[in-house]
Number of protein chains: 2
Amino acid sequence: MKNHTETHTSHTRVPVSECSLAKAIRVVGDMWSLLILREVICGAERFDQIREDLGITRSVLSNRLARLVQEGILERYQYRDSGQRARKGYALTAKGHALFPVVIALREWGGEHLEPGNTPLRLQLQTRDGLRVETKLIREDGLEVTDMTDIIATVKE
Amino acid sequence: MKNHTETHTSHTRVPVSECSLAKAIRVVGDMWSLLILREVICGAERFDQIREDLGITRSVLSNRLARLVQEGILERYQYRDSGQRARKGYALTAKGHALFPVVIALREWGGEHLEPGNTPLRLQLQTRDGLRVETKLIREDGLEVTDMTDIIATVKE
DNA sequence: AATCTGAGTCTTTATTAAAGACTCAGGTGG
DNA sequence: CCACCTGAGTCTTTAATAAAGACTCAGATT
């Protein structure tokens, strides 16, 4: 609970149009795009696979995939499983992979603050050899930040 | 570019309804909510302040603030600056502060992948005593993950 | 040749957002 | 005390998006 007599930290004004956080939010900060990324990370690669898992409509999925490809976050490719016809798939590019810290942080936050008691099955993000991975906030001096209220926004130009 | 003859990692199916990542996306994974969080982190506290900075309509702002308060991410309080009338403000709760890793990771991604050349002024997230803060992916064994393609999704039940 | 599938597009209807007028309470100035 | 201003919204109308589901079209499959 905030103390209403405390002196307020001054308002850091970075115009939305020039803020890389705001830009990132405009590019990937929408529900369907994020859910689609989750699907691709989980290994879904085909249009209908994603659509069935998410219950998204074809038109919106088509639209979002196009945007994600255009932004260079996903790439579209063709593949052919042996004995199967050629198909099209979507996969993360390097730029898409670079979103892992965001996704993992979101996953952690959801797991810690949104779970309603029991958790039957949990999505884990780990290395190929089975090591758990988690995000940490590290200060310039190498120490981990544990108290989030110690973090403030400023403008460096 | 993905090799189209590689064996595909199997599809990890966690129903959207039971996935803490998907839940987190549904709660904070929308553009306006994220932009509002950015504003509050930047020190905006009043309704009209946020509205002017973001150019969001009153009705949507009202709606999103109510949702964020209801989710326990923001709290509404009253304050009175000396010589001023009493006003209402919004501030991060502990649950809201816990989103810092997500926000900082997004900020980093935006800065690295979305900047169009020159960056006049940059939003920085740092400690109160001026130390830069960044997110890192740390493996169970303490090492940092640098190659994102080494991370895969699995289900642990 | 007829059918099936994947990967969409198109059309219609329902939801959500934008623009901007209106409300209402607390404080201020004359 | 009365008229006016401001903060913090609500309400109404119009425009943009999303949902539901029919339709398309090309490459396999029977």
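Protein chains get the first letters and strands the later ones, always in sequence-line order, with residue 1 at the start of each.
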[X]: partners by side chain to side chain contact (heavy atoms under 4.5 Å, CB included), with sequence neighbours left out:
X        : value
B:Thr93  : B:Glu75, B:Lys95
A:Ala105 : A:Thr135, B:Pro101, B:Val102
B:Lys88  : B:Arg76, B:Gln78

For atom [atom1] of [X] and atom [atom2] of [N], their distance in whole Å:
X       : N      : atom1 : atom2 : value
B:Leu65 : D:dG9  : CG    : P     : 7 Å
B:Glu45 : D:dG9  : CD    : P     : 13 Å
A:Tyr90 : C:dG6  : OH    : P     : 15 Å
B:Lys88 : C:dC24 : NZ    : C1'   : 10 Å
A:Arg46 : C:dG8  : CZ    : C1'   : 13 Å
A:Arg51 : C:dA7  : CZ    : P     : 11 Å
A:Leu74 : C:dA7  : CG    : P     : 14 Å
A:Asp48 : C:dC4  : CG    : P     : 16 Å

Original post:
Taking only residues two or more places apart in sequence, or in another chain, which ones meet A:Arg67 in a salt bridge (Lys or Arg N to Asp or Glu O under 4.0 Å)?
Top reply: A:Asp30

**OP:** With the side chain of A:Ser62 defined as its heavy atoms from C-beta on, choose the nearest nucleotide among D:dA8, C:dT9, C:dG6.
**Re:** C:dT9

Original post:
Can you tell me if the side-chain N/O atoms of A:Arg87 get under 4.0 Å from OP1 or OP2 in C:dG8?
Top reply: no

Original post:
Using a cut-off of 4.0 Å between protein heavy atoms and nucleotide atoms, how would you tag nucleotides 18-30 of chain D 5' to 3' with B, S and -?
Top reply: SBB-B----BS--

Original post:
Below 4.0 angstrom, N of the basic side chain to O of the carboxylate: do B:Glu18 and B:Lys23 qualify?
Top reply: no

Name every donor-acceptor pair, under 3.5 Å, that has one atom in a side chain of residues 51-62 of chain B and the other anywhere in the protein, sequence neighbours excluded.
unit_1  : atom_1 : unit_2  : atom_2 : d
B:Arg51 : NE     : B:Asp48 : OD1    : 3.4
B:Asp53 : OD1    : A:Arg13 : NH1    : 2.7
B:Asp53 : OD2    : A:His11 : NE2    : 3.0

